[in-house]
Amino acid sequence: MVKKKTCIFISGRGSNLKNLIHRSRDKSFPVEISLVISNNKDALGIDYAKKYNIPYEIIDTRIKNHELKVLKFLKKYKISFICLAGYMKIISKKIIQNFEKKIINIHPSLLPKFKGLNTFQRVLKNKEKKTGCTVHFVNNKLDGGKIIVKKSFYLKPNESELSLKIKTQTLEYKAYPEAIIKTFRNC
Ligand code: GRF
């Protein structure tokens with residue numbers, strides 16, 4: 001099997017990146033992590049790229065034409081698939097056009113509920129019975145692309161934002177690899 005050369009976009013801790021690096025070492029896993037892009041030079045996740053000898057690029061998304069820079073690196077590393085993992089920037093139209101149906105994202109809620117930021121806070125405020133995570137394709141609508149995998153759990157009494165985050169992220173480490181396998185199942 002020829003693994004798809006994949007780029008992971010991060011902005012922060014990179015625990016999903018770490019998990020995907022581990023999973024991609026499995027021979028039958030459909031992708032290899034060939035590049036990490038961060039828009040934040042201080043993202044802790046960059047350390048995983050260093051540790052596992054994965055090329056990484058830091059791109060300041062505040063500068064004009066940063067998308068062209070991103071596209072240049074994606075081309076240089078022959079990237080054919082993109083996973084957003086805690087990337088705190090909206091992907092520009094230009095990049096989406098170049099990678100149509102080849103960009104996926106993980107979101108810490110049961111989409112279409114709670115798109116955008118501060119999901120745990122809103123889940124608690126709304127007294128939701130259930131929450132979880134969703135892996136979906138990225139299109140021009142925020143957190144609005146086709147859903148690939150959703151995983152959920154029931155809230156217990158006295159949940160906090162922190163307890164929800166821990167439980168949700170534990171599910172994310174299962175959901176993201178599962179969604180990647182599902183995406184390439186029929187390729
Ligand atoms: C995850 O909870 C993901 O759902 C959200 O950002 C978080 C990233 O965490 N989009 P990490 O950087 O992978 O630890």
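Order of listing sets the numbers, starting from 1, for every ligand and every atom in it. Because the structure is predicted, anything quoted here is derived from the model rather than measured. Numbers here are sequence positions counted from 1.
- Using a cutoff of 4.0 Å between basic side-chain nitrogens and carboxylate oxygens, Glu57 and Lys69 are not scored as salt-bridged.
- Expressed to the nearest 0.5 Å, how far OG of Ser92 lies from CD of Glu67 amounts to 3.5 Å.
- Contact shell of ligand 1 (protein heavy atoms, cutoff 4.0 Å): Arg13, Gly14, Ser15, Asn16, Gly86, Ile106, His107, Pro108, Gln169, Glu172.
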Show the atom names and distances, to 0.1 Å, of all donor-acceptor pairs under 3.5 Å that link a side chain in residues 38-51 to residues at least two apart or in another chain.
residue : atom : partner : partner atom : Å
Ser38   : OG   : Asn40   : N            : 3.0
Ser38   : OG   : Asn40   : O            : 2.7
Asn39   : OD1  : Ser11   : OG           : 2.7
Asn40   : OD1  : Asp42   : N            : 2.8
Asn40   : ND2  : Ser11   : O            : 2.9

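- Residues Phe81 and Thr183 meet the side-chain proximity criterion, which asks for heavy atoms closer than 4.5 Å.
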Could you go through residues 129-148 and list every donor-acceptor pair under 3.5 Å that involves a side-chain atom there, pairing it with any protein atom two or more places apart or in another chain?
residue : atom : partner : partner atom : Å
Thr134  : OG1  : Ser109  : O            : 2.6
Thr134  : OG1  : Leu111  : N            : 3.0
His136  : NE2  : Asn105  : ND2          : 3.2
Asn139  : OD1  : Lys141  : N            : 2.9
Asp143  : OD2  : His107  : ND1          : 3.4
Asp143  : OD2  : Gly116  : N            : 2.8

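- The list of side chain to side chain donor-acceptor pair (under 3.5 Å) pairs with a residue in residues 117-127, not counting sequence neighbours, reads Asn126-Glu128.
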